[in-house]
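Just below is one structure, and these are the notes that go with it.
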Amino acid sequence: MASTHSAGSQVDYPTRDGRLMGETPLHAGILWTTVLVLKEWYASDPMTYVSGNMMMYYVPGDKYKHVSPDVFVTRGISRDKTRDYYLAWEEGKAPDLVLEITSKSTRREDLKVKHALYRDVLKVAEYFLFDPRAEYLKPPLQGYRLTENQYVRITPVDGRLPSDILSLALEANGNELRFFDSAAGQWLPTHDEKLARVEARSQQLETRSQQVEAQNEQLRREVESLRRRLAGES
């Protein structure tokens with residue numbers, strides 16, 4: 001198991017817990033798509049850290065007290081600090097938001113163990129669960145907000161779950177998780193969608209360049225034809 005040495009400590013905190021990233025390729029894909037979308041959302045904010053599938057320790061010196069959130073967002077800490085794992089006491093706080101991409105096999109852990117840990121120990125302000133295969137959660141996307149030390153279910157607005165932390169709304173679209181910017185009235189594009197838009201724009205520019213070159217060539221031929229006629233008349 002890979003490990004690195006924690007500064008100022010005699011404890012080696014493992015960087016992996018030996019478990020697969022995501023229960024299935026579908027779960028893993030949603031995890032990293034979500035991380036990329038939220039990283040882009042906070043691209044201009046160097047003091048918001050977005051990550052996922054990272055070992056998180058919350059008791060100094062105890063490498064057995066850990067959790068590995070699928071996706072988490074922490075405001076007020078440096079985005080650019082290199083981290084092999086997350087030490088809550090060194091960061092000065094736990095995440096503000098956690099999202100678990102859940103399944104039937106992780107049902108007890110996500111609904112009981114992590115639910116209590118995020119609520120009572122880490123004091124995570126918002127906790128979301130997404131069951132992309134709708135194996136057990138009804139509805140498959142659910143969210144909780146910490147209110148007076150208790151998790152209170154977030155009420156949907158227009159079919160979406162608003163997040164105060166993100167200033168976005170989450171919505172399940174089949175087995176996809178999407179984020180809606182209510183202020184702009186639009187969905188946040190996924191990484192693949194952004195690439196597709198860039199490629200489409202590049203193709204448009206290439207087509208336009210070819211059209212301009214063809215027009216210039218036609219103009220050159222017309223000018224050359226005019227010159228020959230004028231030379232013949234003189």
Side-chain angles (χ1 to χ4, degrees), residues 22 27-54 56 58 67-79 86 88 91-103 106 109-111 114-132 134 137-191 193-194:
H27 291 75
I30 295 169
L31 188 162
W32 285 119
T33 296
T34 301
V35 169
L36 289 172
V37 167
L38 293 179
K39 279 180 177 289
E40 183 64 24
W41 175 245
Y42 286 108
S44 63
D45 183 358
M47 292 304 292
T48 293
Y49 183 65
V50 178
S51 191
N53 194 43
M54 175 181 282
M56 183 176 296
Y58 50 91
V67 66
S68 181
D70 286 338
V71 179
F72 67 91
V73 176
T74 310
R75 301 186 306 186
I77 67 173
S78 175
R79 174 190 64 200
Y86 189 107
E91 301 295 349
K93 64 182 299 185
D96 294 292
L97 178 145
V98 166
L99 167 69
E100 296 290 353
I101 315 301
T102 189
S103 67
T106 63
E109 183 179 16
D110 295 332
L111 284 180
K114 288 184 176 181
H115 187 281
L117 176 65
Y118 295 149
R119 179 192 62 199
D120 302 331
V121 179
L122 295 177
K123 304 293 184 182
V124 175
E126 291 182 346
Y127 178 36
F128 291 88
L129 299 101
F130 179 47
D131 178 10
L137 278 186
K138 298 184 185 303
L141 175 63
Q142 298 182 13
Y144 299 85
R145 185 170 292 119
L146 194 62
T147 305
E148 297 181 353
N149 296 318
Q150 295 296 323
Y151 270 149
V152 177
R153 284 279 294 270
I154 297 174
T155 302
V157 177
D158 296 328
R160 308 181 186 107
L161 297 183
S163 166
D164 291 344
I165 299 299
L166 302 177
S167 296
L168 295 170
L170 290 70
E171 182 174 351
N173 179 25
N175 61 14
E176 292 185 328
L177 179 65
R178 300 304 302 260
F179 294 85
F180 188 76
D181 179 358
S182 300
Q186 62 186 19
W187 300 100
L188 298 192
T190 65
H191 182 66
E193 287 171 345
K194 292 192 71 172

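Note that the numbering runs from 1 along the sequence shown for the chain.
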Inset, instruction - Please report the closest heavy-atom contact between Arg119 and Lys123, naming both atoms and the distance. - result: O-CD, 3.3 Å
Inset, instruction - Measure the OG-NZ distance between Ser68 and Lys114 for me, rounded to the nearest 0.5 Å. - result: 6.5 Å
Inset, instruction - Check Ile154, Asp110, Leu146 against Tyr127 for a side-chain contact (heavy atoms from CB on, under 4.5 Å) and give me the one that passes. - result: Asp110
Legend entry - Interatomic spacing from CG in Leu137 to OG in Ser103 - rounded to 0.5 Å: 10.0 Å
Legend entry - Residue of the set Val98, Thr48, Leu99, Asp96 for which side-chain contact (heavy atoms from CB on, under 4.5 Å) holds with Val73: Thr48
Legend entry - Thr33 side chain vs Gly29 backbone, donor-acceptor pair below 3.5 Å: yes
Inset, instruction - First locate atom CZ of Arg160, then atom CG of Leu170, and finally report the distance between them rounded to the nearest 0.5 Å. - result: 11.0 Å
Inset, instruction - May I ask you to test the Leu188-Asp181 pair for a side-chain heavy-atom distance under 4.5 Å? - result: yes
Legend entry - Sub-4.5 Å side-chain heavy-atom contact between Thr190 and Arg178: yes
Inset, instruction - Please state whether the rings of Tyr144 and His115 are parallel, tilted or perpendicular, taking 30° and 60° as the class boundaries. - result: perpendicular
Inset, instruction - Evaluate the side-chain proximity of Phe128 to Val71: yes if any heavy-atom separation is below 4.5 Å, no if none is. - result: no
Legend entry - Rounded distance [0.5 Å steps], CG in Leu141 versus CG in Leu129: 8.5 Å
Inset, instruction - Check Thr74 against Ala94 and note the closest heavy-atom contact, atom names and distance. - result: CG2-O, 3.7 Å
Legend entry - Between CG on residue Leu177 and OG1 on residue Thr34, distance to nearest 0.5 Å: 5.0 Å
Legend entry - Residue pair Pro46 / Ser44: nearest heavy atoms and the distance that separates them: CD-O, 3.4 Å
Legend entry - Residue pair Thr102 / Leu111, side-chain heavy-atom distance below 4.5 Å: no
Legend entry - Distance-minimising heavy-atom pair for Tyr118 and Val67: OH-CG2, 3.5 Å
Legend entry - Atom of Ser163, atom of Arg145 and distance for their closest heavy-atom approach: CA-NH2, 4.2 Å
Inset, instruction - First locate atom CD of Glu126, then atom OH of Tyr151, and finally report the distance between them rounded to the nearest 0.5 Å. - result: 9.0 Å
Inset, instruction - Measure from the side-chain N and O atoms of Trp41 to the backbone N and O of Phe179, and report whether any donor-acceptor pair falls under 3.5 Å. - result: no
Legend entry - Contact check, side chains of Pro69 and Tyr86, non-hydrogen atoms, under 4.5 Å: no
Legend entry - Derivation and outcome, side-chain contact (heavy atoms from CB on, under 4.5 Å), residues Leu38 and Phe72: CA-CA 10 Å; Leu38 293 179; Phe72 67 91; over 6 Å; no
Legend entry - Residue pair Pro162 / Val157: nearest heavy atoms and the distance that separates them: CG-CG2, 4.1 Å
Inset, instruction - Taking the side chain as every heavy atom from C-beta outward, state whether Phe130 and Leu31 have any atom pair closer than 4.5 Å. - result: no
Inset, instruction - Give a yes or no on whether the backbone of Leu97 and the side-chain of Arg75 come within a donor-acceptor separation of less than 3.5 Å. - result: no
Inset, instruction - State, with a plain yes or no, whether a side-chain heavy atom of Arg79 is found less than 4.5 Å away from one of Val50. - result: no
